[in-house]
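Accompanying notes for the structure given below.
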There are 4 protein chains.
Amino acid sequence: MSRVRARPEEWSVLMRASRTAATTRGSKTVSRVERKREERVARILDATADELGSKGLSRFSLEDVAERLDVTKGSLYHYFPSREELVMAGIETLARRIMVELNAAVEGSEESATVRLRRLLTRQLDVVVWDYPASIELFTLRDPADVEGKVKAVRAGHDALFRGLVDEGLASGEFHLTSTAASLECMYSSINMSPLWIERDNPTRARQQIQELIDTLLMLVGVVPA
Amino acid sequence: MSRVRARPEEWSVLMRASRTAATTRGSKTVSRVERKREERVARILDATADELGSKGLSRFSLEDVAERLDVTKGSLYHYFPSREELVMAGIETLARRIMVELNAAVEGSEESATVRLRRLLTRQLDVVVWDYPASIELFTLRDPADVEGKVKAVRAGHDALFRGLVDEGLASGEFHLTSTAASLECMYSSINMSPLWIERDNPTRARQQIQELIDTLLMLVGVVPA
Amino acid sequence: MSRVRARPEEWSVLMRASRTAATTRGSKTVSRVERKREERVARILDATADELGSKGLSRFSLEDVAERLDVTKGSLYHYFPSREELVMAGIETLARRIMVELNAAVEGSEESATVRLRRLLTRQLDVVVWDYPASIELFTLRDPADVEGKVKAVRAGHDALFRGLVDEGLASGEFHLTSTAASLECMYSSINMSPLWIERDNPTRARQQIQELIDTLLMLVGVVPA
Amino acid sequence: MSRVRARPEEWSVLMRASRTAATTRGSKTVSRVERKREERVARILDATADELGSKGLSRFSLEDVAERLDVTKGSLYHYFPSREELVMAGIETLARRIMVELNAAVEGSEESATVRLRRLLTRQLDVVVWDYPASIELFTLRDPADVEGKVKAVRAGHDALFRGLVDEGLASGEFHLTSTAASLECMYSSINMSPLWIERDNPTRARQQIQELIDTLLMLVGVVPA
DNA sequence: TATGAATGAGAGTTCATTCAT
DNA sequence: GATGAATGAACTCTCATTCAT
């Protein structure tokens with residue numbers, strides 16, 4: 001029913017299931033029904049994010065998501081009005097997953113910017129290399145204007161985290177660079193494309209490559225390896 | 001500097017094909033027929049490379065190539081057994097075009113590795129940003145095993161050029177780094193993804209961003225901006 | 001003029017249903033429940049008739065009706081076993097609305113048949129052109145045998161009204177024609193299709209066209225314009 | 001191949017097969033190939049027109065046309081870029097068929113406008129009642145803007161024929177009316193909707209009804225039956 | 001060789017209908 | 001009774017691929 005279908009803007013809210021549940025604690029039946037719905041939306045988004053992260057956008061299809069969930073394609077249209085909306089929400093989910101990881105890596109820390117940036121990079125590379133090797137495509141494909149907009153928004157949130165740390169390092173004199181923007185973009189590019197050359201088949205080798213990559217990325221903010 | 005120029009063995013079959021054609025110009029009927037065929041193949045590859053470079057792989061279609069050449073789709077199957085083979089050869093052509101540009105940027109020079117690397121980066125960024133903004137997609141897509149193999153080969157040829165220069169700089173003491181491989185991969189990633197954030201619509205701004213990017217990329221080999 | 005007003009027997013089952021409800025108002029629980037049900041049915045039919053009249057049958061969807069009523073599609077199936085049944089009842093409702101208007105246009109009048117026919121045409125054209133421009137589609141679509149049957153029934157009721165007036169005019173010598181049936185069918189056709197050529201966007205022009213149309217329609221019963 | 005696919009504007013030309021063949025007599029292979037193509041287009045349009053004429057627009061589907069021709073749906077896309085274009089061309093075909101009939105009914109005649117109009121009406125009713133009882137829907141459904149445009153164009157051609165005759169009758173003093181436009185629209189409406197009430201199942205009765213209808217339609221131009 | 005025709009698999013989308021709760 | 005979920009069939013459209021000529 002379109003009457004009750006969450007509008008796109010609400011999707012991110014829906015994902016914060018705990019909070020939503022808390023605020024609707026008053027009514028019973030509604031919250032139960034809604035919780036059910038949210039669960040299903042969450043399952044769909046999980047499947048979507050997995051598909052996007054592993055196959056990339058160009059090979060993403062409703063059919064695959066439906067099959068993975070063992071429902072018909074039509075069912076997806078109960079929750080998302082079009083493939084594009086689903087993709088956008090899926091990207092957001094994927095991004096949120098990553099952001100949760102990254103926030104955990106830097107929060108509540110009293111250490112130097114260098115140490116924290118190193119930890120942030122480590123965490124992000126772990127996620128990208130091992131969990132979402134195809135996520136690069138999400139930032140890479142252009143076409144659908146709305147998707148591009150969503151990606152931009154996601155990037156902005158992600159960027160804030162890194163930029164904050166880099167600014168800190170600059171303020172404290174730990175970092176030196178020509179252009180913060182350029183250094184950050186190089187970092188992002190290198191991180192996102194790393195699954196293409198890091199040898200995941202050989203975990204030992206891969207871990208070493210990741211270590212070297214981290215050291216190299218730190219050079220982008222003027223931190224020279226010991 | 002032939003020392004750092006990509007070596008012929010790393011180039012493509014087709015590249016060797018044309019050289020072969022040149023050297024066998026003596027023989028009569030066969031060579032004429034073959035030359036005709038090669039010309040057609042070359043035309044197809046040109047069109048394919050253009051399409052790939054500007055649209056990327058995901059939006060690439062046989063239909064568009066055929067239309068651009070004013071032939072039928074069916075005709076393409078006389079020269080390439082499948083879309084995938086055509087794509088692979090097209091990627092190779094695109095890469096070779098770029099390599100020609102890059103070779104020109106470093107050859108016959110007696111200057112320092114830093115100066116030449118800067119020139120190399122400048123040239124590559126010009127090509128990528130202005131001519132082939134979608135080329136990133138070619139290095140990004142995964143699945144078809146053969147395409148991946150071909151991309152790897154192309155990257156190898158490209159890599160030789162950069163690696164030669166970096167090795168020179170290391171030998172001369174101009175460069176400092178943790179891992180040559182990591183530094184190079186970061187460079188490639190940053191170059192390929194740059195069209196996604198450099199503001200091409202605003203050429204003045206874009207040129208400035210490219211300059212900052214080059215300075216930043218040099219930090220990956222331990223060259224600190226003045 | 002009750003003489004020319006459509007007779008109750010020609011009206012619909014549902015019409016009879018409501019009259020039944022009125023007469024059984026004595027009985028308790030059952031009638032209350034039933035009244036509730038009838039109210040809901042009436043609401044559904046109202047919405048359906050609106051949709052049919054404005055969009056026509058081909059663009060009619062259960063979804064739209066449900067949304068308009070702020071209920072689910074499923075709910076509609078409590079009252080109508082299928083889309084087709086709903087449509088049939090909706091057509092009937094629409095027709096009855098129109099009949100109410102038309103009856104009002106001719107009732108309690110002592111004027112000549114010509115004057116009353118003119119008033120009848122005026123009223124009908126007002127309704128069709130301004131309120132239900134898509135109603136033509138309802139009389140036009142064929143296939144589903146049941147719908148066709150229902151449409152026939154509706155047409156019969158409508159026909160009685162016009163035929164009565166025409167018969168009067170013939171009896172009084174005001175009208176002259178070859179075939180009452182043919183003249184009437186031409187009138188109905190011309191009325192129903194008029195929204196397709198009358199320029200509703202330009203109300204002044206439309207009003208003039210309607211006037212000319214009425215004069216022309218009167219020629220079908222041998223009344224020549226002054 | 002889109003390169004050779006006839007653009008919409010050319011379709012009507014393609015249908016005048018004889019003329020086209022005559023003008024391309026110079027080249028052989030081309031004309032043979034093109035003739036083949038035209039034949040196929042003609043077959044598709046025939047099937048389309050039949051479907052449209054018998055089922056109406058709302059129940060028209062590519063699938064049915066393809067099945068009738070025993071080809072796949074995809075094949076239709078070789079000749080028409082979309083359903084809408086096919087429909088438009090089909091409507092045109094249908095209209096042209098009718099126009100051929102109608103032109104034959106009035107051409108080269110020295111008789112009075114009344115006689116010729118009667119013959120024109122007779123012919124048109126024959127076509128509409130017996131051959132294309134569903135054609136009404138084509139003039140009735142609204143939505144797709146382009147289709148509406150095409151229908152308008154078709155109507156214009158058709159209108160010219162009738163209007164010419166009516167103007168003649170007015171000039172000669174045979175006809176009298178209030179508004180030519182209104183009289184004509186009433187005629188068209190009555191003709192198009194006649195299949196809905198004329199009893200085709202009973203041919204004898206139907207023929208009589210048609211005769212009465214013709215007499216009645218002539219009243220719209222002030223011709224009173226004897 | 002090259003062409004145009006044709007195919008068939010698959011994509012996204014819509015919608016009447018069914019059903020467990 | 002009413003809801004929301006789910007379905008399945010139908011539809012338009014795309015595109016790589018095959019094939020007779």
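In what follows, chains are A, B, ... by sequence order, proteins preceding strands, each numbered from 1.
Scored by the side-chain hydrogen bond (donor to acceptor under 3.5 Å, both in side chains) test, S54(C) finds no partners at all (sequence neighbours excluded). Among residues two or more places apart in sequence or in another chain, the side-chain hydrogen bond (donor to acceptor under 3.5 Å, both in side chains) test is passed with S82(B) by none. Residues satisfying the salt bridge (Lys or Arg N to Asp or Glu O under 4.0 Å) test with E39(B), not counting sequence neighbours, are none.
When every heavy atom of V65(A) is checked against every heavy atom of A47(A), the shortest pair comes out as CG1-CB, 4.3 Å. Nearest heavy-atom pair, T93(A) versus A49(A), reported as atom, atom and distance to 0.1 Å: CG2-CB, 4.1 Å.
At dG4(E), none of the side-chain N or O atoms of Y79(D) fall inside 4.0 Å of OP1 or OP2 (strictly under the cut-off). Between R37(B) and dT1(E) there is a side-chain N or O to OP1 or OP2 distance below 4.0 Å.
Within the structure, every pair that satisfies the salt bridge (Lys or Arg N to Asp or Glu O under 4.0 Å) test and touches residues 40-52 of chain B, not counting sequence neighbours, is listed here: D46(B)-R97(B), D50(B)-R68(B), D50(B)-R97(B), E51(B)-K55(B), E51(B)-R68(B).
Between L76(C) and L69(C), some side-chain heavy-atom pair lies under the 4.5 Å cut-off.
Residue-to-nucleotide proximity on DNA chain F shows that, of R40(C) and S75(A), the 5′-proximal contact is made by R40(C).
With rounding to whole Å, E39(D) atom CD is found 12 Å from dA6(E) atom P.
Which of dA5(E), dA5(F), dA6(F) sits closest to the side chain of H78(D) comes down to dA5(E).
The strand DNA chain F forms stems, runs of 3 or more Watson-Crick or G-U wobble pairs with distances below 3.5 Å, at E:2-21 with F:2-21.
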Polar atoms only, N or O, under 3.5 Å: list the protein pairs with nucleotides 9-13 of chain F and their distances.
from    : atom 1 : to     : atom 2 : distance (Å)
dC11(F) : OP2    : E63(D) : OE1    : 2.3
dT12(F) : OP1    : L62(D) : N      : 3.4
dT12(F) : OP1    : R83(D) : NH1    : 2.9
dT12(F) : OP2    : L62(D) : N      : 3.2
dC13(F) : OP2    : Y77(D) : OH     : 2.6
dC13(F) : OP2    : R83(D) : N      : 2.6
dC13(F) : O5'    : Y77(D) : OH     : 3.0

